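Report on the following structure.
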Number of protein chains: 4
Amino acid sequence: MEFRSDVSVELVKHNARDFDVAMAARVSTIGAEGLDLNLPTEGLINFLMRDRHGSPFEHTSFTFYIEAPIFVVREFMRHRAGWSYNEESGRYKELEPIFYKPADGRPLRQIGKAGKYQFVDGTYQQKRTVSGDIERVSTEAYTTYKRLLDLEVAREVARMVLPVNIYSSFYATCNARSLMHFLSLRTKDETSKFPSFPQQEIEMVAEKMEDFFHFYMPETWVAFQRNGRVAP
Amino acid sequence: MEFRSDVSVELVKHNARDFDVAMAARVSTIGAEGLDLNLPTEGLINFLMRDRHGSPFEHTSFTFYIEAPIFVVREFMRHRAGWSYNEESGRYKELEPIFYKPADGRPLRQIGKAGKYQFVDGTYQQKRTVSGDIERVSTEAYTTYKRLLDLEVAREVARMVLPVNIYSSFYATCNARSLMHFLSLRTKDETSKFPSFPQQEIEMVAEKMEDFFHFYMPETWVAFQRNGRVAP
Amino acid sequence: MEFRSDVSVELVKHNARDFDVAMAARVSTIGAEGLDLNLPTEGLINFLMRDRHGSPFEHTSFTFYIEAPIFVVREFMRHRAGWSYNEESGRYKELEPIFYKPADGRPLRQIGKAGKYQFVDGTYQQKRTVSGDIERVSTEAYTTYKRLLDLEVAREVARMVLPVNIYSSFYATCNARSLMHFLSLRTKDETSKFPSFPQQEIEMVAEKMEDFFHFYMPETWVAFQRNGRVAP
Amino acid sequence: MEFRSDVSVELVKHNARDFDVAMAARVSTIGAEGLDLNLPTEGLINFLMRDRHGSPFEHTSFTFYIEAPIFVVREFMRHRAGWSYNEESGRYKELEPIFYKPADGRPLRQIGKAGKYQFVDGTYQQKRTVSGDIERVSTEAYTTYKRLLDLEVAREVARMVLPVNIYSSFYATCNARSLMHFLSLRTKDETSKFPSFPQQEIEMVAEKMEDFFHFYMPETWVAFQRNGRVAP
């Protein structure tokens with residue numbers, strides 16, 4: 001049994017530069033042939049972001065390999081437009097005994113009304129109980145899963161006992177526009193024009209994805225930030 | 001604690017008739033104004049299905065309210081194009097103690113190679129163990145969930161211990177084209193041109209959806225069946 | 001030859017009420033069964049719009065039958081997510097001699113820089129020339145088209161001479177969310193949070209669509225307006 | 001004035017190999033970590049194509065720069081799922097005087113019933129008339145367009161007189177799955193399981209795209225061909 005409190009996000013491959021956005025936008029105005037490749041792209045990208053011309057950002061791609069618990073994967077895959085997925089299947093393979101457990105500092109109490117929740121630190125008792133309960137239930141569930149497999153019960157049936165904190169893994173491919181839409185909803189940031197209240201565990205995934213986005217498309221990222229983190 | 005072996009599919013509302021398909025198709029050829037409303041639609045619909053003119057089938061809508069275990073919901077929501085969803089949230093409400101347990105006749109053993117699995121009846125021992133284990137693990141998980149809530153742990157944390165056989169509920173809206181695509185992948189049928197191997201529990205949902213489809217769009221359903229259950 | 005300066009938008013059918021939005025949203029929080037049907041929907045809808053919970057707005061549908069010149073149809077059909085189309089085909093039918101000509105008051109001069117164009121009234125000479133030239137070129141093109149058809153040239157070849165101001169007609173089906181996205185980009189409004197600069201002719205289409213939207217989903221429309229005409 | 005009888009398709013960039021498909025598929029079964037990178041991909045890809053597991057083909061991208069007449073662009077952009085576009089705008093730039101004219105060998109006569117058209121060679125008179133008429137109408141339209149611009153009429157108004165055989169240019173980004181779907185509908189091929197009747201001019205675009213697809217993803221192309229040119 002392995003208990004983790006983190007998520008992994010690996011960039012498998014990408015084809016995404018600020019330059020791609022500028023090229024696509026210029027097709028609209030001067031045609032690709034007349035393009036001066038040395039023109040600065042920064043101002044153009046900021047203009048596109050501000051006036052919400054989103055389509056030039058779509059001619060880019062990022063493929064991520066992500067490991068996260070099922071309750072995170074379920075939220076993630078609600079993002080449809082501009083996303084492609086392939087996930088590990090509990091029907092085709094035996095699942096590994098890796099489970100999520102909140103880190104010690106993860107706030108455990110929720111205060112306030114729906115849509116405006118605030119989270120605060122757990123008490124000592126809450127922390128100890130959450131940690132112990134999650135370990136116990138996960139272990140018991142996985143032991144049962146293994147026993148059912150040993151009895152030659154089909155994987156698709158045996159898996160029914162596994163809890164949503166078991167890790168899954170998946171490929172996710174998106175473009176810069178669909179990625180910004182995801183980030184606008186799955187991170188919370190003081191500077192956002194529209195506030196979001198993501199669960200901390202999906203925000204952990206989003207932050208790692210944003211690092212790659214920031215690194216490979218720095219001008220697009222700056223424009224996204226400057227314009228209130230609203231996807232164009 | 002409640003254990004169910006079935007799924008529910010309720011048709012909340014619909015706006016879908018064979019006639020809508022014919023109308024949309026005729027816009028392409030003779031314009032909506034010149035349309036003879038008394039023309040038979042059956043031959044036209046069969047022609048569209050056979051030659052894979054899919055767009056006329058999209059001007060229809062079905063909204064379903066579905067109750068099914070999470071492992072089914074996860075497969076269901078992989079269908080993106082032409083689908084809209086709203087699901088019960090474990091962050092916003094306390095989940096009910098309703099869990100899926102295979103019915104007595106549900107085949108439990110899997111034979112053969114990936115992509116060609118066959119399922120056969122479980123032995124007496126398998127049946128008894130599956131039933132007992134699922135009841136025990138579900139009960140233990142839910143009891144733990146409730147204790148964590150009683151300790152004022154946030155719902156989004158407490159739910160991590162719940163297994164994927166707990167029931168969820170959701171609204172799903174689709175059109176006749178996206179519905180046929182779903183049916184072609186989530187049912188198995190001797191007459192299908194492309195064989196599928198859905199898990200029995202999602203097929204149970206699909207069959208109930210197909211009943212509504214058959215009832216409200218009988219000519220489209222017949223053409224779907226006659227043309228090998230391939231979505232146009 | 002017929003010259004029109006307007007567009008037509010007919011609501012073929014719809015399945016869209018404010019109530020549908022509220023129902024779908026409530027599935028997330030209290031389950032459909034526990035729903036008090038008498039609860040006011042207005043506040044809930046405003047909350048969803050403000051916090052950009054877009055999915056509940058998708059369980060609705062509008063089917064429009066639209067007549068507009070090709071240069072408008074081309075812009076319209078760039079809207080993909082949540083839209084379905086069937087358009088009159090110049091390959092399958094002979095096109096009617098109906099052409100768009102700007103009305104007398106349509107501004108003809110464009111002032112300012114890209115992205116910030118302003119339009120002002122045409123001079124007398126401009127008005128006369130535009131009107132005369134469009135009539136002449138359209139008539140000459142259509143006469144040529146007919147002669148080619150009389151010579152038994154295929155429709156798909158003959159149509160190549162027709163200008164983009166010829167009218168086409170199409171079915172368009174959308175949901176309230178995709179419709180609001182369309183309206184936010186294809187109308188200009190003082191109160192919009194994000195300014196748009198649509199061509200007047202597509203705005204004429206958008207305004208007629210908005211009338212239907214306003215009529216059938218008044219609370220959703222008010223919330224859209226109050227929140228800066230940004231699609232959730 | 002320039003008259004062309006061809007189309008251009010340039011591959012701007014791509015991130016698409018057979019290997020990507022195999023990697024994504026293996027995540028479902030053995031996890032990305034345990035992957036033997038030396039396994040042959042050919043059999044796996046053929047299996048995915050045959051059993052219509054389409055999602056692994058989506059983790060790839062092709063960006064094309066295409067020049068084609070407007071009547072082709074209109075058909076092209078009806079492909080929505082998995083496609084992104086940026087097109088030259090007649091509102092933002094002055095359009096070039098480049099027009100499509102069928103090549104001498106282009107069949108001009110259409111025989112048979114809707115859905116089953118056959119095209120045969122034009123007579124000498126048809127060829128001469130088509131060629132002359134297209135040149136004349138295009139030239140007259142463009143001359144008018146230029147005169148209106150000289151009078152300072154807005155580009156978005158002046159362009160209304162231009163015929164649908166004028167060339168436009170656009171960026172199109174897709175993945176291997178959406179590309180195969182396009183090819184299955186926009187080429188005709190003796191070996192296709194589902195016959196299509198594309199207009200010759202869009203087929204010319206499709207064939208050039210297929211060359212790139214064939215070159216960069218040879219095993220996927222072979223599997224596509226072998227399985228009746230049906231997109232998975």
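None of these values were measured; they are calculated from a predicted model. In the text below, chain A, chain B and the rest are named by the order of the sequence lines, each starting its count at 1.
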Under 4.5 Å from any heavy atom of chain C, what part of Leu148(D) do you find: side chain, backbone, both or neither?
side chain
Any side-chain heavy atom of Leu108(C) sitting closer than 4.5 Å to one from Glu152(D)?
no
Can you measure from CZ (Arg128(C)) to CG (Leu151(D)) and round to the nearest 0.5 angstrom?
10.5 Å
In this structure, CD of Glu140(D) is separated from OG1 of Thr144(C) (nearest 0.5 Å) by 10.0 Å
Met160(D) CE to Tyr100(C) OH distance, which is reported to the nearest 0.5 Å:
5.0 Å
Verify, without hydrogens or angle tests, whether Arg80(C) (side chain) and Met77(D) (backbone) share a donor-acceptor contact under 3.5 angstrom.
no
Least distance between heavy atoms, Pro102(D) atom then Val157(C) atom:
CG-CG1, 4.3 Å
Ranking Lys101(C), Gln126(C), Arg74(C), Gln200(C) by heavy-atom pairs under 4.5 Å to chain D gives rank one to Arg74(C)
Inter-chain contacts: residues 130-138 of chain D against chain C, heavy atoms under 4.5 Å
Val130(D), Asp133(D), Ile134(D), Arg136(D), Val137(D)
Under 4.5 Å to a heavy atom of chain D? For Ser84(C) that would be both
Identify which of Glu75(D), Glu87(D), Gln125(D) forms the greatest number of heavy-atom pairs closer than 4.5 Å to chain C.
Glu87(D)
What closest approach, in Å, do Gln110(C) and Ala154(D) show between heavy atoms, and which atom pair accounts for it?
OE1-CB, 3.5 Å
Gln199(D) side chain to Glu156(C) main-chain N or O, any donor-acceptor pair under 3.5 Å?
yes
Count the heavy-atom pairs under 4.5 Å between each of Val73(C), Thr123(C), Ile166(C), Leu162(C) and chain D, then report the option with the highest count.
Leu162(C)
Okay, side chain of Arg159(D), backbone of Val164(C): is any donor-acceptor separation there less than 3.5 Å?
no
Asp150(D) versus chain C, heavy atoms under 4.5 Å apart: side chain, backbone, both or neither?
neither
Check whether Glu201(D) gets within reach of chain C through its side chain, its backbone, both or neither, counting any heavy atom under 4.5 Å.
side chain
Strictly distance-based, threshold 3.5 Å: is any side-chain N or O of Arg147(D) a donor or acceptor partner for the main-chain N or O of Thr129(C)?
no
